[in-house]
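Worksheet for the structure shown next.
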Amino acid sequence: MADRIASFQEKVEKNPKQVFFRYSLAQAYFEEGKFEKASSEFKKCLEVRPDWMMASLFVGKAEMESGNLQVARQFLEMTVSLAEEQAHEDPMMEAKQLLEALDSD
């Protein structure tokens, strides 16, 4: 997996404006359990595309894993709004379930 991270890091360095490489790097960090790095990269994706619902969802998930529950809530609520606007039911349901989990803690 480290090779995958290194590969995407190299692609981001060569093409810093290519947001899809950055998203893939963030995904690799997330899958590796490097949630703070993942969140940071997903947030950079949102700077370029603020309506990127999946990036918002993954920031919420990464922040939950890191214990930053208020930040997680903010991004999960944003995900629900974006999913409603974009008519994406599955991510909306996932974000709502994660918000319920936050409420039950």
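What you see below is based on every heavy atom in this structure, not just the backbone, and it leaves out hydrogens, waters and symmetry mates. In this chain, numbering begins with 1 at the start of the sequence shown. Given the structure is predicted, the values throughout are model-derived calculations rather than measurements.
- Taken from NZ in K34 to OG in S40, the straight-line distance is 13.5 Å, to the nearest 0.5 Å.
- For L82 against P50, the heavy-atom pair with the smallest separation is CD1-O, 3.9 Å.
- For the atom pair K37 NZ and Q9 CD, the distance stands at 7.0 Å (nearest 0.5 Å).
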List the atom pairs, with distances to 0.1 Å, where a side-chain N or O of residues 58-70 and a protein N or O form a donor-acceptor pair under 3.5 Å, not counting sequence neighbours.
| residue | atom | partner | partner atom | Å |
| --- | --- | --- | --- | --- |
| K61 | NZ | E94 | OE2 | 2.9 |
| E63 | OE1 | N68 | ND2 | 2.7 |
| E63 | OE2 | S39 | OG | 2.5 |
| E63 | OE2 | K43 | NZ | 3.4 |
| S66 | OG | A62 | O | 3.1 |

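- Checked by atom type and distance alone, the side chain of S7 never pairs as donor or acceptor with a backbone atom of D3 at under 3.5 Å.
- One distance of note links CD1 of I5 with OG of S24; it measures 12.0 Å at 0.5 Å rounding.
- Every side-chain hydrogen bond (donor to acceptor under 3.5 Å, both in side chains) that K14 has, sequence neighbours left out, goes to E10.
- Using a 4.5 Å heavy-atom cutoff, the side chains of T79 and L98 are not in contact.
- Qualifying salt bridge (Lys or Arg N to Asp or Glu O under 4.0 Å) partners for K44, counting only residues two or more places apart in sequence or in other chains: E41.
- Nearest heavy atom pair, residue V48 against residue V19, reads CB-CG2, 4.3 Å.
- For the pair L57 and M53, the minimum side-chain heavy-atom distance is 4.5 Å or more.
- Residue pairs meeting the salt bridge (charged side-chain N to carboxylate O under 4.0 Å, His left out) criterion with at least one member in residues 73-86, sequence neighbours excluded, are R73-D103.
- Evaluation of the side chain to side chain contact (heavy atoms under 4.5 Å, CB included) rule for Q74 yields no partner, not counting sequence neighbours.
- In this structure, the ring pair (Phe, Tyr, Trp, His ring centres under 6.0 Å) partners of Y23, at least two apart in sequence or on a different chain, are F42, W52.
- For the atom pair F20 CZ and R49 CZ, the distance stands at 5.0 Å (nearest 0.5 Å).
- The minimum heavy-atom distance linking N15 with F21 is given by the pair ND2-CE1, 3.5 Å.
- Contact check on R4 versus E31 returns a salt bridge, with a Lys/Arg side-chain nitrogen under 4.0 Å from an Asp/Glu carboxylate oxygen.
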